[in-house]
Amino acid sequence: MTDHAVGRSGRFAGERSAAFIALNSSLDLDWRLWPEDIEGSGAHARALERAGVITAADLGAIDDGLARVAAEIESGAFAPRDADEDVHMAIERRLTELSGAAGAKLHTGRSRNDQVVTDLRLHLRRVIEGQREALRGLQELLLARAEPHLETVMPAYTHLQRAQVTSLAQHLLAWFWMLERDRDRFAVALDACLELPLGAGAAVGLNYDLDRGAVAAELGFERVAPNSLDAVADRDFAVDYLAAAAGLAVHLSRIGAEIVLWASAEFGFVTLPDAVSGGSSIMPQKRNPDAAELMRAAAPRVAADLQGLLSTLHGLPLAYNTDLREDKRYVFDAVDCLAALLPVVRELLAGLAFDNGRMAAACTSTLMATDLADELVARGLPFREAHHVTGALVRRCLDLGCAFDELPQAELEALSPALAGGVSGLADAQRSLAAKRSEGGSAPARVREQLAKAREALEA
Ligand code: ARG
């Protein structure tokens, strides 16, 4: 077989080795780009025709041929082979088999170097649009789940120690805003995809003045890459996607980690839905938080994908180098990781059954110590002194094993004259919650405002 398909037929006398063909094939990395490759090829053919490089009859044959190749791929009638090297050569080979001379003109004024990165930008744009939509779906779900829980008290933690009273709504909305920043970052990555490389040729531009603006418009790009060398060497749009994906994966890992904790018997705040829980092969009683654990485990994987692409780009001289084909390994690994994860995250969040009683019971009086200190401030103590007195009171409560509003009056008076007025009502979680009235705070009135802001963010 002569290696016509990979541009070797004229230049080389010898054949490629089988081992090299296997190594050099990027089909396992890039085959999924076939729809975009066909789309980009059609736009390129139209640019060639408009520039008078090919005839209207050639264009017609190419268009028909590309449609047939697409149909054959979809039906499974056509499959690439390693000798094709990549998706671009496979499609061009089949096109030429089907439409002969016209097909053989398609690669005029085009290189795989500008072709591959055009395909990838087109493909990634669609992926990001889809994943941004999935993110919005998660945010809508979190909003809906938060809304009934403005007064459902639970502990907030610092250092994983019970700290102060908050509400389940406030906590779920914290997750909402994390995802909102991810959606913003996905929008930045999406915009970065919208620059058209096609027309850069192999590196320096073309001997044809193709209308790149028209190609960009046809393919839905917003801008034409302004420098041919940069156009074929640049993968920053993919870095942007991976950075956004890694940020999202880190957020999902933090949410997953909290769900794992909450589902433990020690917390008992939540029961996981059957649909996304695992069992144990030996312990019949187990309901394992596998889905939440896998949310946690995705972060290192996607962060490694980002690291992989950055490392591939590191030190690469301009312009195209074969190293760059590895971009797709990292990008698609992250794409696939999130594609598998996001629907499960949705099912998990939708099915969490909260135990309001357990969460309220965890709001012991010590979580209201800061409220008590603030009350002592209102009674005229400087905050530092109020902090000290309240700390001593908490210690006394722990010694006696009681809540601070159960301490006898004599005990209170012994601690500070400021406590002589008593502390009744101060160990009430609802009161504590309602008192968190600063903007962005946990008070139900403030969370209601926040819900409105969140809705606005989703509609913007
Ligand atoms: N398959 C390559 C990639 O994925 C595109 C071909 C680049 N050009 C070349 N002369 N090898 O990046």
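Values below: all heavy atoms of this structure, side chains included; hydrogens, waters and symmetry mates excluded. Counting from 1, the numbers follow the sequence of the chain as shown. Start at 1 and go down the list; that is how both ligands and their atoms are numbered.
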So, Phe269 versus His171, ring centres under 6.0 angstrom or not? no

Is a salt bridge present between Arg112 and Asp86, judged by a nitrogen-to-oxygen distance below 4.0 Å? yes

Using a strict threshold of under 4.0 Å (side-chain N to carboxylate O), is an ion pair present between Glu258 and Arg254? no

Heavy-atom nearest neighbour in the protein, as seen from atom 10 (N) of ligand 1, with distance rounded to 0.1 Å: Arg112 NH2, 3.7 Å

Close-contact set for ligand 1 against Ser26 heavy atoms, below 4.0 Å: 1 (N)

Tell me, which protein residue and heavy-atom name are nearest atom 2 (C) of ligand 1, and how many Å apart are they? Tyr320 OH, 3.4 Å

Within a strict 4.5 Å, meaning less than it, do heavy atoms of the Phe78 and Arg68 side chains meet? no

Can you name the atoms of ligand 1, numbered from 1 with element, that are less than 4.0 Å from a heavy atom of Asp86? 1 (N), 2 (C), 5 (C), 6 (C)

Closer than 4.0 Å to some heavy atom of Arg325 - which atoms of ligand 1 meet that? 3 (C), 4 (O), 12 (O)

Taking NZ, NE, NH1 and NH2 as the nitrogens, is one of them in Lys453 or Glu456 under 4.0 Å from a carboxylate oxygen of the other? no

Polar proximity ligand 1 side, Arg235 side, N/O cut 3.5 Å exclusive: no

Any salt bridge between Asp274 and Arg287, counting N to O under 4.0 Å? yes

Mind checking whether Lys328 contacts ligand 1 via backbone (N, CA, C, O), side chain (CB onward), both or neither, at a 4.0 Å heavy-atom cut-off? side chain

Kindly say whether the aromatic ring centers of Tyr330 and Tyr241 come within a distance under 6.0 Å. no

Please state which protein non-hydrogen atom is closest to atom 8 (N) of ligand 1 and give its distance, to 0.1 Å? Asn113 OD1, 2.8 Å

Below 3.5 Å, N or O to N or O, backbone or side chain included: is there any such pair between Thr322 and ligand 1? no

